[in-house]
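Report on the structure given below.
Small disclaimer: the values here were computed from a predicted structure and weren't measured.
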Amino acid sequence: MSVVCTSLPLIMRISAHSRMNPMFVSYRGTHRWDGVTNMSQARSFVALAASPRSLSHTTNRKSRSAHTNSRLQPAYSGHIPLTPFENGFLAVGSALMSLIDTRRADMVAACGETTAGSTLVKLRDVMLESPEGRRILKEMPRINSQTLNLKKLRTLPENTFGRAYVGWLDACKVTPDSREPVHYIDDPELAYVMQRYRETHDFYHALFGFKVSALPELALKAFEFANLGFLMTALSLGASIRLKSHQRARLWGEFVPWAARCGSHARCLLTVYWEERWEQDLDEMKKEFGVWDPPAGITIPRPSRVDFP
């Protein structure tokens, strides 16, 4: 208990320092998240916040470091192994910091990874049951500006998924390169499942035409919780206390009920090989997936809408 009490002020101080440090700059202006340009330094901050070993005055640091290195070896590039205590402490600390400052994308990402638990195993198993999902796990495609031909997508006909996606990118002034890499999930395959979720998140935005402001983002998080089950997406709804009263009323009165019905009714969207569906008609895609458009007011206008029958 004393370690936790001593460590909590530490994570607050580290968080405050990282926000004032010039190495932290905005990498996704429309979302208004604070990004990290030097990931190795950023990871050291998070690891320090999570690790009670950093607070010890009585143990030989060199021998402790040697013991840790032999006990917890990275399983893939960028992996930061954590003990169960460290994982739990980082989960609590990152969740608190995410609620205090929703712009902290690094804390949101850490919370998502440390609270994913058995959800990733279930999602991996769902993917293995789907032909598309199995190919995704086998080929492990990545989504960024190097793997996507955005110029080609802009030539596709109106109302195709690919055209809707690049239209959404242009309208919201974002890029496919803004997603945090996974660090705290030990199993490489499960780490990829989490990475795939992060990199396809913008496809969900494009599918529904969601804007990137607070209210539509929370509505989408509610949908993701119903569809995928990540605890972090449910916890993020706590940020609704920062909304204006009329926005909060619409979120809980209209958008969360839509998200619960639509997300639970829909096919698991992690099983979709989105990159093979650029030319598919958007309305046909929604019908195939079993989704329909949210209540009006938080989407980018489109030529047509799919409403629940």
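- For the pair A75 and D186, the tightest heavy-atom approach, listed with the atom from each and the gap, is CB-O, 3.5 Å.
- When hydrophobic clusters are built by joining Ile, Leu, Val, Met, Phe, Trp and Tyr residues whose side-chain heavy atoms come closer than 4.5 Å, directly or via intermediates, W274 is grouped together with V174.
- Taking 4.5 Å as the limit, every side-chain heavy atom of L120 sits out of range of all side-chain heavy atoms of D187.
- The hydrophobic cluster around L235 extends to L231, counting ILVMFWY residues whose side-chain heavy atoms fall within less than 4.5 Å of a member.
- The salt bridge (Lys or Arg N to Asp or Glu O under 4.0 Å) pairs that include a residue from residues 136-147 are R142-E199, where partners are two or more places apart or lie in different chains.
- The nearest pair of heavy atoms linking I241 to R248 is O-NH1, 3.6 Å.
- The two residues L251 and A219 come nearest to each other via the heavy atoms CD1-N, 4.0 Å.
- Among E224, E113, E180, the single residue meeting the salt bridge (charged side-chain N to carboxylate O under 4.0 Å, His left out) criterion with R198 is E113.
- Closest heavy-atom contact between M232 and C111: CG-SG, 4.2 Å.
- Using a 4.5 Å heavy-atom cutoff, the side chains of F289 and K286 are not in contact.
- Taking a cutoff of 4.0 Å between a charged side-chain nitrogen and a carboxylate oxygen, E284 and R277 do not qualify as a salt bridge.
- M127 and L190 fall within the same hydrophobic cluster, where Ile, Leu, Val, Met, Phe, Trp and Tyr residues are linked whenever their side-chain heavy atoms come under 4.5 Å apart, directly or through other members.
- A donor-acceptor pair under 3.5 Å is formed between the side chain of H183 and the backbone N or O of G78.
- Separation of atoms CZ (F225) and CG (L220) is listed at 14.0 Å; rounding is to 0.5 Å.
- At a threshold of 4.5 Å between non-hydrogen side-chain atoms, the residues L150 and L169 count as touching.
- With rounding to the nearest 0.5 Å, the separation of OG1 in T155 from CG in L153 is 7.5 Å.
- The two atoms that bring A191 and V182 nearest to each other are O-CG2, 3.6 Å, heavy atoms only.
- Inter-residue side-chain proximity for M285 and D283 is flagged as unmet; no heavy-atom pair is nearer than 4.5 Å.
- The hydrophobic cluster containing V256 does not contain L99, counting ILVMFWY residues as joined when their side-chain heavy atoms lie under 4.5 angstrom apart, directly or transitively.
- Rounding to the nearest 0.5 angstrom, the gap separating the CG atom in L218 from the CD1 atom in I298 is 9.5 Å.
- Under the rule for a side chain to side chain donor-acceptor pair (under 3.5 Å), T160 has no partner lying at least two apart in sequence or in another chain.
- Under the 3.5 Å distance criterion, the side-chain polar atoms of R163 are matched with a main-chain donor or acceptor of L156.
- Using a 4.5 Å cut-off on side-chain heavy atoms (C-beta onward), F210 and L215 make no contact.
- Taking every heavy atom of both residues into account, K211 and G297 meet most closely at NZ-O, 4.2 Å.
- Using a 4.0 Å cut-off between a side-chain N of Lys or Arg and a carboxylate O of Asp or Glu, E288 and R267 qualify as a salt bridge.
- Between the H265 side chain and the G290 main chain, a donor and an acceptor come within less than 3.5 Å of each other.
- At least one side-chain heavy atom of V121 sits less than 4.5 Å from a side-chain heavy atom of R124.
- Under the 4.5 Å side-chain contact rule for hydrophobic residues, V272 and V126 do not share a cluster.
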Check against side chain to side chain contact (heavy atoms under 4.5 Å, CB included), H205 and E217:
CA-CA 9 Å; H205 271 278; E217 191 68 51; 3.1 Å; yes
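- Under a 3.5 Å cut-off, the side chain of E276 and the backbone N or O of Y273 do not form any donor-acceptor pair.
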Determine, step by step, whether T299 and D293 satisfy the side chain to side chain contact (heavy atoms under 4.5 Å, CB included) criterion, reporting the C-alpha distance in whole Å, the side-chain angles of both residues, the deciding distance to 0.1 Å, and the verdict.
CA-CA 9 Å; T299 60; D293 288 316; over 6 Å; no
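- Between Y165 and F203, the gap from one ring centroid to the other is short of 6.0 Å.
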Begin from the C-alpha positions of W252 and L237 and carry the test side chain to side chain contact (heavy atoms under 4.5 Å, CB included) through to its verdict.
CA-CA 10 Å; W252 292 104; L237 294 176; 4.0 Å; yes
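- Separation of atoms OG (S130) and CD1 (I136) is listed at 7.0 Å; rounding is to 0.5 Å.
- Aromatic rings of F208 and F223 (six-membered ring for Trp) have centroids within the 6.0 Å cut-off, being under it.
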Just do the side chain to side chain contact (heavy atoms under 4.5 Å, CB included) check on L123 and C268 with the steps written out, would you?
CA-CA 8 Å; L123 289 172; C268 174; 4.0 Å; yes
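- A donor-acceptor pair shorter than 3.5 Å cannot be found between the side chains of N144 and D177.
- Looking at Q247 and S240, their side chains never come closer than 4.5 Å, going by heavy atoms from C-beta outward.
- In this structure, the separation between CG on D101 and OG on S98 is 8.5 Å, given to the nearest 0.5 Å.
- Between E129 and R134 there is no salt bridge, since no side-chain nitrogen of the basic residue lies less than 4.0 Å from a carboxylate oxygen of the acidic one.
- A salt bridge is defined here as a Lys NZ or Arg NE, NH1 or NH2 lying under 4.0 Å from an Asp or Glu carboxylate O, and E275 with R196 meets this definition.
- Atom CG in N159 sits 5.0 Å away from atom CG in D281 (nearest 0.5 Å).
- At a threshold of 4.5 Å between non-hydrogen side-chain atoms, the residues T233 and L228 do not count as touching.
- Residues F230 and Y197 bring their aromatic ring centres within 6.0 Å.
- Side chain of D202 to main chain of P176: no donor-acceptor pair is present (N/O by atom type, distance under 3.5 Å, no hydrogens or angles).
- The closest donor-acceptor contact from the side chain of R242 to the backbone of I100 lies under 3.5 Å.
- Annotation for E189: atom CD counts as buried by contact number, over 12 foreign heavy atoms lying within 6.0 Å.
- Under a 3.5 Å cut-off, the side chain of N87 and the backbone N or O of T114 do form a donor-acceptor pair.
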